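Note that this is a predicted model, so its numbers are computed, not measured. The chains referred to below are lettered A, B, ... by the order of the sequence lines, with proteins before strands, and numbering in each begins at 1.
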Amino acid sequence: GAVVSQHPSWVICKSGTSVKIECRSLDFQATTMFWYRQFPKQSLMLMATSNEGSKATYEQGVEKDKFLINHASLTLSTLTVTSAHPEDSSFYICSARDGVGAQETQYFGPGTRLLVL
Amino acid sequence: AQTVTQSQPEMSVQEAETVTLSCTYDTSESDYYLFWYKQPPSRQMILVIRQEAYKQQNATENRFSVNFQKAAKSFSLKISDSQLGDAAMYFCAYSRTSGTYKYIFGTGTRLKVLA
């Protein structure tokens with residue numbers, strides 16, 4: 001099956017610093033990737049849709065200058081949390097879209113746990 | 001706007017028994033996709049089963065099957081012969097068949113499997 005990796009799996013940083021999270025589709029090319037945020041015991045909240053070669057589309061209420069997304073290739077999307085603050089601490093998950101038409105499915109990375117001190 | 005509702009925050013099932021998780025959704029589209037994802041304690045989201053709305057036949061994957069009732073906008077997941085490894089959060093998701101293909105997730109159901 002399709003495999004998506006994320007790096008790092010967890011990160012601790014100081015308030016005010018920036019953190020970059022990578023999402024890679026390992027065995028398929030993904031023109032579209034998605035970034036989610038998940039709070040403890042809650043569902044996934046879509047932050048943005050990342051399209052290869054174009055600007056990301058952010059969901060309402062998500063600050064695009066705070067969460068920078070770059071989808072530079074068909075296998076890599078990055079999420080940079082700029083000037084991180086403790087309220088940005090969360091579990092971030094990416095997914096990559098594979099398949100066409102009726103076979104279209106999102107495959108998820110293992111997630112990145114971010115703790116901002 | 002489309003919505004997905006999972007009304008059971010938590011369910012329990014005895015090992016080897018059968019359990020059904022409920023999901024309802026709201027949409028004005030006639031064609032769409034529906035999914036069940038499993039999130040175990042590792043938090044890795046795993047696709048369990050998918051259903052295309054234009055297909056009347058219910059999808060099955062080994063011990064997992066769905067009861068898709070399009071008119072009622074209901075998409076329940078049945079797990080047969082439950083195993084300890086089935087314990088996880090289960091999320092129902094909806095996707096349009098065009099546009100951004102983004103998912104709309106339900107709030108999840110935590111399934112406990114009792115030995």
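Judged purely by atom type and a 3.5 angstrom limit, Thr82(A) uses its side chain to pair as donor or acceptor with the backbone of Lys66(A). Here the side chain of Gln39(B) pairs no donor or acceptor atom with the backbone of Ile46(B) at under 3.5 angstrom.
Note on Glu52(B) versus Arg50(B): salt bridge recorded, some NZ/NE/NH1/NH2 to OD/OE distance being below 4.0 Å.
Interface remark: Tyr37(B) contributes side-chain atoms only to the contact with chain A (heavy atom separation under 4.5 Å). Within the 4.5 angstrom heavy-atom criterion, no atom of Gln6(B) approaches chain A.
Residues from residues 35-44 of chain A that place a non-hydrogen atom less than 4.5 Å from a non-hydrogen atom of chain B comprise Tyr36(A), Gln38(A), Phe39(A), Lys41(A), Gln42(A), Ser43(A), Leu44(A), given in numerical order.
When only modelled atom types and interatomic distance are considered, Gln69(B) and Ser74(B) share no side-chain donor-acceptor pair under 3.5 Å. Side chain to side chain, His71(A) and Ser50(A) meet the donor-acceptor criterion of an N or O pair below 3.5 Å.
At most 12 non-hydrogen atoms from other residues, nucleotides or ligands lie less than 6.0 angstrom from NZ of Lys78(B).
In terms of non-hydrogen atom pairs under 4.5 Å with chain A, the most contact-rich of Arg43(B), Met89(B), Met45(B) is Arg43(B).
The six-membered or imidazole ring of Phe35(B) lies away from that of Phe75(B), with a centre-to-centre distance of 6.0 Å or more.
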